[in-house]
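Written out below as structure tokens is the structure these notes cover.
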Protein chains: 2
Amino acid sequence: MDLTKQLKDAGIKITQHKLAILALFSEHKHLDAFKILTIFQSKNIDISLATIYRILASFEEHNIITKHNFGNEHANYELAVANEHHDHLICMGCGKVIEFVNQEIEELQLQIAKQNQFEVHNHTLNIYGFCVECKILKTSKPIN
Amino acid sequence: MDLTKQLKDAGIKITQHKLAILALFSEHKHLDAFKILTIFQSKNIDISLATIYRILASFEEHNIITKHNFGNEHANYELAVANEHHDHLICMGCGKVIEFVNQEIEELQLQIAKQNQFEVHNHTLNIYGFCVECKILKTSKPIN
DNA sequence: ATATATGCAAACGATTTGCAACTCC
DNA sequence: GGAGTTGCAAATCGTTTGCATATAT
């Protein structure tokens with residue numbers, strides 16, 4: 001992967017922690033700082049929350065990952081696949097996140113922006129509800 | 001307004017503070033807790049932040065206002081005009097919020113949810129960018 | 001060697017809460 | 001009078017930061 005090169009070029013050292021976090025993202029599409037901590041602890045990998053936050057911030061700054069704020073809670077991160085924007089279906093039951101892309105919606109947004117003489121930088125479209133499984137169970141666990 | 005009746009029926013007392021906050025919402029479409037505190041202070045009205053948060057939470061619970069999380073910062077509230085859902089254009093320069101409604105987008109979202117066997121509860125579509133004025137000035141003040 | 005990373009604990013900022021005093025119906 | 005409300009200060013929770021130490025290149 002040339003991600004590491006990209007980091008090196010920015011004067012960032014490749015450490016075990018950084019590689020481990022990158023590896024996590026290839027297994028888990030959506031992660032937050034605490035989830036990363038938990039996974040590491042379960043693998044007996046020592047790391048502090050502060051370090052996780054610092055690495056996530058650094059990755060975000062170098063456009064390796066993208067930060068989302070789905071609710072009031074923790075920020076959520078995902079790999080920033082170049083130029084592939086997508087939106088999210090977020091399950092309020094289990095917290096699962098489903099991604100989708102819809103070109104028509106993208107275009108409608110640009111139209112709306114134009115009508116308002118608005119220069120679009122980015123956008124987030126989050127649809128909250130219940131996924132198939134939770135629709136049936138209808139547990140009332142809060143989204144996490 | 002029958003909002004007060006709605007509150008009374010829910011066993012909620014109508015206090016000066018609550019009326020004042022309701023009044024504020026008819027002047028300002030979008031407010032956050034701190035902004036409310038500031039406005040009250042400028043009018044020499046004594047109120048504590050805790051009370052503001054409690055009132056906002058209570059109003060939200062009774063569907064009088066809606067809570068939005070536009071950025072990482074403070075939560076933003078607006079009157080919940082019954083069944084009139086709308087989305088937002090958010091200026092990253094001056095923080096201005098422009099509302100819009102687009103039926104086509106709404107329908108496309110329902111289609112997408114259906115395809116994913118997802119039961120939609122609600123959604124938020126936020127378009128971030130610069131409004132006409134800020135597009136020209138391009139101040140880099142953070143959105144607030 | 002030295003610039004960058006890390007851990008720890010303390011600091012932060014928004015929001016919440018316990019509790020005693022207060023106000024509306 | 002009693003249920004619901006308020007203010008205050010302390011508590012929470014996610015996240016950030018200062019500083020001294022450790023590590024990558």
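Predicted model only: the values in this text are computed from it and were never measured. Residue numbers start from 1 in every chain, and the chains themselves are labelled A, B, ... in the order their sequence lines are given, proteins ahead of strands.
- The 5' end of DNA chain C is approached more closely, in terms of each residue's nearest nucleotide, by A/Ile55 than by the other of B/Tyr53 and A/Ile55.
- Atoms CG (B/Leu56) and P (C/dT17) sit 14 Å apart, rounded to a whole Å.
- By the criterion of side-chain heavy atoms lying less than 4.5 angstrom apart, applied directly or through intervening Ile, Leu, Val, Met, Phe, Trp or Tyr residues, B/Ile90 is not grouped with B/Val132; the two fall into different hydrophobic clusters.
- A donor and an acceptor atom sit less than 3.5 Å apart, one in the side chain of B/Arg54 and one in the base of D/dG7.
- Annotation for B/Gln16: atom CD does not count as buried by contact number, only 12 or fewer foreign heavy atoms lying within 6.0 Å.
- Atom CG of B/Leu49 and atom P of D/dA9 are 13 Å apart (whole Å).
- Taking atom CD1 on B/Ile52 and atom P on D/dC8, their separation rounds to 12 Å, with Å as the unit.
- Ion pairing between a basic and an acidic side chain is recognised when a charged N comes within 4.0 Å of a carboxylate O; A/Glu99 and A/Lys29 show such pairing.
- Out of D/dC8, D/dG14, C/dT6, the shortest distance to the side chain of A/His17 is found at C/dT6.
- Put simply, NE2 on B/His74 is 15 Å from C1' on D/dG14, counting in whole angstrom units.
- A salt bridge does not link A/Glu78 with A/Lys67: none of the charged nitrogens is closer than 4.0 Å to a carboxylate oxygen.
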Derivation of the side chain to side chain contact (heavy atoms under 4.5 Å, CB included) call for A/Leu22 and A/Ile64: CA-CA 9 Å; A/Leu22 276 182; A/Ile64 290 173; 4.0 Å; yes

Heavy-atom protein contacts under 4.0 Å, nucleotides 20-25 of chain C, coded B base, S sugar-phosphate only, - none: ---BB-

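- Note: A/His86 and A/His68 have tilted aromatic rings, judged against thresholds of 30 and 60 degrees for the angle between ring planes.
- Its side chain within the 4.5 Å cluster rule, A/Leu89 clusters with A/Ile98, A/Phe100, A/Ile105, A/Leu108, A/Leu110, A/Ile112, A/Phe118, A/Val120, A/Leu125, A/Ile127, B/Leu89, B/Ile98, B/Phe100, B/Ile105, B/Leu108, B/Leu110, B/Ile112, B/Phe118, B/Val120, B/Leu125, B/Ile127 among the Ile, Leu, Val, Met, Phe, Trp and Tyr residues.
- What separates CD1 of A/Ile21 from C1' of C/dT6 is a distance of 12 Å, to the nearest Å.
- Note: CD1 (A/Ile45) to P (C/dT6) measures 13 Å, nearest angstrom.
- If you take CG of B/Asp46 and P of D/dG7, they are 7 Å apart, rounded to a whole angstrom.
- Here the P atom of nucleotide C/dT6 and the CG atom of A/Leu37 are 14 Å apart, to the nearest Å.
- Relative to the side chain of B/Thr51, the nucleotides D/dT15, C/dT15, D/dT6 differ in distance, and D/dT6 lies closest.
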